[in-house]
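The figures that follow rest on heavy atoms only: side chains count, while hydrogens, waters and symmetry mates do not.
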Amino acid sequence: MKKALLITVLLMGMILSACSNNSSAPASEEEVQETVQNFYNEMTKFDEMGKTSLENFNVALTSYSTGAATDKELEEALDSFQDTASDIADQVNDVKISKSLPDNIETLLRDAAIAFKSAYSIKEQASQSAASPEVTADEFNAMNQQADVAMLYGISKVNQARVAVGLLDEDSAAETELGTVPGTVVGTEADAVDTGAQTNTSTE
C-alpha cells in the first residue's frame, strides 16, 4: 500500500469526522476525562497485544532459522501472529466515540481512531503476507513502517486530547508514547528458509 493511499484514507476520515453532528447532551468534565482515559487505555491494550505477538513471532522465526524450532512450531507462531493482528484490527474498528464530548475532543479522538484503524489494517495485511514467498523482507517492513506512521499520528492526537482535558502535562506530551509501537520483522518466513532469520531490533 502506497503512502499516498494511507494519507488519503486519513484525510477522508478526518473530513467525515469534522462533518459529524454532535446531537447528544454535553458530557461533564469528569465524564470527558474518563472517556479520554478509557480510549487511551484501550489503545494501550491493543498496542501491547500487537507487540507481544510480534515478539513471539520473531523468536519463533529466529529459532526456526537455527534449527531450534520445527516447521509446525513456526506455522503455529505465524498463525498466532496473523490471528492477533486480525483481532486487533476488528476491535479497533469497533471503537465508538461519544458524540456528547466537546467538539475539539471528539475530533481529536475520531482522528486518532481513524489513524489506529488504518495502522492495524495495514499490519493485518502485513501479517497475512509474512508467509508469502512473493513478499520480500523489504516489502514486508515497508508495510509495517507505513502502519507505524499512522500509529504515531494517532498517538499524537490522543496525547493532544489528554492535554486538553488535563490528563497530561503539555510539556511532557511530546515525550509520552502510547506503550511501544509494534516494530517490524526483518525477514519473512521465506527469507528464514533461504537466508536465515534476523531478529527485529527496532524500537519505536
Side-chain angles (χ1 to χ4, degrees), residues 1-3 5-17 19-20 24 34-61 74-101 105-132 135 139-159 161-162 177-185 188-189 200 204:
M1 182 178 293
K2 296 182 179 179
K3 186 179 294 185
L5 178 58
L6 172 60
I7 294 173
T8 300
V9 171
L10 292 174
L11 289 176
M12 288 178 63
M14 285 186 283
I15 291 172
L16 291 174
S17 173
C19 293
S20 63
S24 302
E34 182 179 1
T35 298
V36 172
Q37 184 62 46
N38 287 341
F39 183 91
Y40 172 82
N41 292 342
E42 283 294 295
M43 294 306 113
T44 300
K45 179 187 73 174
F46 297 146
D47 179 72
E48 287 300 320
M49 288 170 60
K51 182 180 71 173
T52 299
S53 176
L54 181 58
E55 288 176 347
N56 291 340
F57 180 50
N58 270 328
V59 169
L61 200 57
L74 178 61
E75 183 179 353
E76 289 175 350
L78 178 59
D79 288 343
S80 177
F81 177 43
Q82 293 174 341
D83 289 345
T84 299
S86 239
D87 289 344
I88 294 174
D90 289 342
Q91 291 182 57
V92 173
N93 195 55
D94 290 338
V95 171
K96 305 298 182 184
I97 307 298
S98 172
K99 291 185 177 181
S100 65
L101 297 171
I105 303 301
E106 180 184 350
T107 297
L108 287 169
L109 294 188
R110 286 190 184 280
D111 289 350
I114 291 164
F116 289 132
K117 288 174 185 178
S118 298
Y120 284 113
S121 291
I122 297 172
K123 284 187 176 292
E124 180 181 16
Q125 294 174 38
S127 74
Q128 292 169 350
S129 71
S132 173
V135 177
E139 291 170 337
F140 183 79
N141 283 338
M143 294 180 69
N144 279 278
Q145 287 165 8
Q146 289 171 18
D148 289 343
V149 170
M151 181 76 74
L152 290 172
Y153 178 83
I155 291 170
S156 73
K157 292 300 177 181
V158 174
N159 282 339
R162 294 171 70 203
E177 294 186 356
L178 185 65
T180 302
V181 177
T184 59
V185 177
T188 61
E189 182 177 350
N200 172 43
E204 284 120 333

message: Using every non-hydrogen atom in the two residues, find where Lys157 and Ala112 come nearest and quote the distance to one decimal.
response: CB-CB, 3.8 Å

query: Between CD1 of Ile88 and OG of Ser121, what distance do you get to the nearest 0.5 Å?
result: 11.5 Å

- request: Could you please spell out the steps behind the side chain to side chain contact (heavy atoms under 4.5 Å, CB included) verdict for Asn41 and Asn38?
  value: CA-CA 5 Å; Asn41 292 342; Asn38 287 341; 4.3 Å; yes

query: Do you know which two heavy atoms are closest between Val95 and Met43, and how far apart they sit?
result: CG2-CE, 3.8 Å

field: Point-to-point distance, once rounded to the nearest 0.5 Å, from CG of Asn56 to CG of Leu78
entry: 12.5 Å

message: Test of understanding: with side-chain hydrogen bond (donor to acceptor under 3.5 Å, both in side chains), list the residues that count as partners of Gln91, not counting sequence neighbours.
response: none

Nearest-0.5 Å distance that lies between atom CD1 in Ile105 and atom CD1 in Ile97: 11.5 Å

- prompt: Where do Asp148 and Lys123 come nearest, in terms of heavy atoms and distance?
  reply: OD1-NZ, 3.2 Å

- request: Find the distance between OH (Tyr120) and CG (Asp87) and round it off to the nearest 0.5 Å.
  value: 12.5 Å

Step-by-step side chain to side chain contact (heavy atoms under 4.5 Å, CB included) determination, Asn58 to Leu54: CA-CA 6 Å; Asn58 270 328; Leu54 181 58; 4.1 Å; yes

task: Report the residues that fulfil side-chain contact (heavy atoms from CB on, under 4.5 Å) with Asp79, sequence neighbours left out, ordered by chain and then residue number.
output: Glu75, Gln82

- line: Closest non-hydrogen atoms of Ala161 and Leu109, given as atom of the first, atom of the second and distance, are CB-CD2, 3.9 Å

statement: Residue set satisfying salt bridge (Lys or Arg N to Asp or Glu O under 4.0 Å) with Glu42, at least two apart, ordered chain then number -> Lys45

message: Quick one: does any side-chain atom of Thr84 pair with a main-chain N or O of Phe81 as donor and acceptor, under 3.5 Å?
response: no

- request: State which residues pass side-chain contact (heavy atoms from CB on, under 4.5 Å) with Glu139; sequence neighbours excluded, sorted by chain then number.
  value: Val135, Thr136

statement: Residues Ile155 and Phe116: closest non-hydrogen pair is N-CZ, 3.7 Å

- line: Residues passing the side-chain contact (heavy atoms from CB on, under 4.5 Å) test with Ala126, sequence neighbours excluded, are Phe140, Met143, Asn144

- line: Closest heavy-atom pair, Arg162 versus Val36, reported as atoms and distance to 0.1 Å, is CG-CG1, 3.8 Å

From CG (Leu108) to CZ (Arg110), nearest 0.5 Å: 12.0 Å

field: Sidechain-backbone polar pair: Ser53 side chain, Met49 backbone, donor-acceptor under 3.5 Å
entry: no

- request: Identify, with sequence neighbours excluded, every residue that meets side-chain hydrogen bond (donor to acceptor under 3.5 Å, both in side chains) alongside Ser80.
  value: none

